[in-house]
Amino acid sequence: MPTRLSSAITWKKLHQHQKEIATSTLCELFSTSSQRAHSFSLEAAGLHLDYSKNLITKETLDLFQALAQELGFDAARKSLREGEPINHTENRPALHTALRDKRNPPIYVKDSNISNEISSAKKQMAVFVKQLHQGKVVGGSGKIIRDVVNIGIGGSYLGPKMVVEALTPYQQNKVQCHFVANIDGSEIVETLKKLHPEITLFIVASKSFGTQETLHNAIAAREWICQHPQLKTSVDKHFVAVSSNIAAASDFGIAESNIFPMWDWVGGRYSLWSTIGLPIAIAIGMDNFQALLDGAHEMDEHFFTAEPQDNMPFILAMLQIWYNNFFSAHSQAVIPYDYYLRSLPEYLQQLEMESNGKRVDRAGRALDYPSAYAIWGGPGTNGQHAYHQLFHQGTQFIPVDFIFPLTTHNPVNSHHAMLIANCLSQSRAMLVGKTLEQATDELLQQGHSQEEADKLAPHKVIPGNRPSNTLTMDKLTPSSLGALIALYEHKVFAQSVIWDINAFDQWGVELGKKIGDEIYQSLSDPKQSSDYDDSTNQLIKRFKRSNQA
Ligand code: F6P
């Protein structure tokens, strides 16, 4: 039975429309209108999106708007906002937007008004951050806490780490924040080498308090604290937790007053706005943390009210669906031309790929169209000297989101103008490319013979006609960063509505965890034989041989 999307009338019309569009090039689209940039640009929540360098016309927008209508986009975003259990496989709402709505409208989850819980958790954070900043939080030997290590992984790591890094200019530097995520012991060893136990506090950040990496890193941290002669009985002075599993956090030795609540109605990858954002608030202060939430809230208001055609998250969602489902693109690059945003692509990988890496629709039917693609990227200009070659001449079709702030926190000579010139040069080169004729002429002008020019020219041809978006903000501030993150969150949601999938569960990660536990038993018990496939058995044997006592 065909899925809801593939049988949608507008989806079929879009297939027809794609055939027409595919006969035009981006350059031709620009030449038919001097107003193209203006027509295909949008402002929202302090962000400007220029999406004119895309293979679209007004008709593409109209058709996607009609598709949104046909698929009930309005009702879906209302369900998100009002806390319907849209994560239907876990019977939970996804209420990250409630966390940043400072008007605190009453929202009921299982008969309890969560706006009260949100305000009280925020107050708990504010008090703790203030005490830390005032030097009133002391370790077991009475020394003031100067370093905080966030132990967490996935959503309990990527968002907070990315934001702390992105807002470096706003850091208060009262306490230094560090992050440990990986079960690879090298990470915690290298982090602890730089720290002293008497002045270090750990945040065990785990919604479930059951994630292997986080628990084992927390145990290693606890051993490190307890090894210090003066701190043997001071676990409660050096650990706080952010978790919805209060019992497990208490069993670990964390005082209940030091457990910051988390809730089932916030997904891990959407949680940086909650108490999971504690390291952010510690690094930049509560006022800046609030500004981050306010920026996100402004984007929420835009997303919840603007028509799809004028809706920035919807437009981004639409464009990727356009390339993914109609032009067979398999990946999307995100290239921030801003050093502070260097971890944004890594953060977006979890947001987009864990949310929409799904193979069945909401009714459990196998999708008969592709859903999420791979997200990758890194900061410009570094990528220009590494993988941009693939954008320009590779056989893969890779749409790119370029992002840059118009002004910099760090004016150094002409660096910022050069940085932005590089960014604009990339999107323009992807657009216009270089023809065989241009390449040949260039070679002849450089003094090559006709024969040499004919031989070399094909290697210099750049097909162009490769699409990109350019997102800008006046400056990278807590508020513009909040809006930027919320933009991508809502883009992911809008895509999930069109693809008719649940963006808020992640069942795919479970099997690997279960097999991992079993293999760990095989690796750690010398007597246990392994009965897996031949390759896994061989690798287990190799590991055991090298780790024999
Ligand atoms: O394994 C995937 C995952 O569940 C993510 O969705 C989540 O962000 C991460 O693990 C960490 O989970 P927790 O906060 O419960 O430790």
Side-chain angles (χ1 to χ4, degrees), residues 86-96 99 121 125 149-164 179-184 187-188 202-222 239-252 254 259-280 343-358 372 375 485 488-489 492-493 496 501-520:
I86 54 172
N87 176 0
H88 66 299
T89 62
E90 296 180 292
N91 193 26
R92 290 174 188 168
L95 274 166
H96 42 286
L99 292 164
M125 279 172 81
V149 183
N150 188 82
I151 299 180
I153 198 161
S156 304
Y157 160 68
L158 290 163
K161 181 193 155 245
M162 182 272 288
V163 173
V164 167
F179 292 87
V180 169
N182 205 318
I183 191 68
D184 183 339
E187 186 170 353
I188 192 158
F202 294 90
I203 303 173
V204 186
S206 175
K207 181 176 157 183
S208 58
F209 218 88
T211 303
Q212 184 200 51
E213 292 91 331
T214 303
L215 288 188
H216 286 273
N217 277 324
I219 290 168
R222 191 173 60 188
F239 282 84
V240 302
V242 177
S243 187
S244 59
N245 188 347
I246 313 284
S250 307
D251 284 352
F252 181 87
I254 299 173
I259 301 173
F260 294 81
M262 244 297 265
W263 310 278
D264 275 355
W265 43 264
V266 191
R269 53 193 173 273
Y270 299 86
S271 66
L272 70 90
W273 324 97
S274 71
T275 45
I276 286 288
L278 185 60
I280 304 175
S343 294
L344 182 69
E346 198 187 354
Y347 162 79
L348 292 178
Q349 283 176 334
Q350 188 198 15
L351 178 63
E352 301 217 8
M353 291 155 81
E354 199 173 71
S355 296
N356 284 341
K358 305 290 162 63
I375 294 281
I485 300 168
Y488 278 97
E489 283 182 348
V492 166
F493 175 70
S496 76
I501 56 185
N502 181 352
F504 300 105
D505 60 11
Q506 58 282 320
W507 299 106
V509 302
E510 296 305 325
L511 177 63
K513 286 185 192 172
K514 185 173 167 283
I515 298 177
D517 285 345
E518 289 163 13
I519 292 184
Y520 171 69

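Indexing begins at 1, ligand by ligand and atom by atom, following the structure's order. Hydrogens, waters and symmetry mates play no part in the numbers below; they use all other heavy atoms, side chains included.
Here the side chain of S355 pairs no donor or acceptor atom with the backbone of F504 at under 3.5 angstrom. Under a 3.5 Å cut-off, the side chain of S243 and the backbone N or O of S206 do form a donor-acceptor pair. The backbone N or O of F179 lies less than 3.5 Å from no partner atom in the side chain of N150, so there is not a single donor-acceptor pair. In this structure, E352 contributes its side chain and A372 its backbone to no donor-acceptor pair below 3.5 Å. Using a distance-only test at 3.5 Å, with no hydrogens or angles considered, a donor-acceptor pair links the side chain of K358 to the main chain of D505. Judged by distance alone, with hydrogens and angles left aside, the side-chain atoms of N87 form no donor-acceptor pair with the main-chain N or O of N502 at under 3.5 Å.
Heavy-atom proximity to V509, at under 4.0 Å, picks out these atoms of ligand 1: 1 (O), 2 (C). Of all atoms in ligand 1, numbered sequentially from 1 with element shown, those under 4.0 Å from a heavy atom of I153 are 9 (C), 11 (C). Residue S206 has at least one heavy-atom neighbour below 4.0 Å for each of these atoms of ligand 1: 13 (P), 14 (O), 15 (O), 16 (O). The contact set between ligand 1 and T211, taken as ligand atoms under 4.0 Å from a residue heavy atom, comprises 12 (O), 13 (P), 15 (O), 16 (O). Residue K207 has at least one heavy-atom neighbour below 4.0 Å for each of these atoms of ligand 1: 13 (P), 14 (O), 15 (O).
Among all protein heavy atoms, the one lying closest to atom 14 (O) of ligand 1 is S156 OG, 2.7 Å. Protein heavy atom at the shortest distance from atom 8 (O) of ligand 1 is G155 N, 2.8 Å. Of all protein heavy atoms, the one lying nearest to atom 15 (O) of ligand 1 is S208 OG, 2.6 Å. Summary of contacts: the protein heavy atom closest to atom 10 (O) of ligand 1 is K513 NZ, 4.5 Å.
Between Q212 and D517, the shortest heavy-atom contact is NE2-OD1, 4.1 Å.
Comparing E354, E213, Q506 by heavy-atom distance to atom 5 (C) of ligand 1, the nearest is E354.
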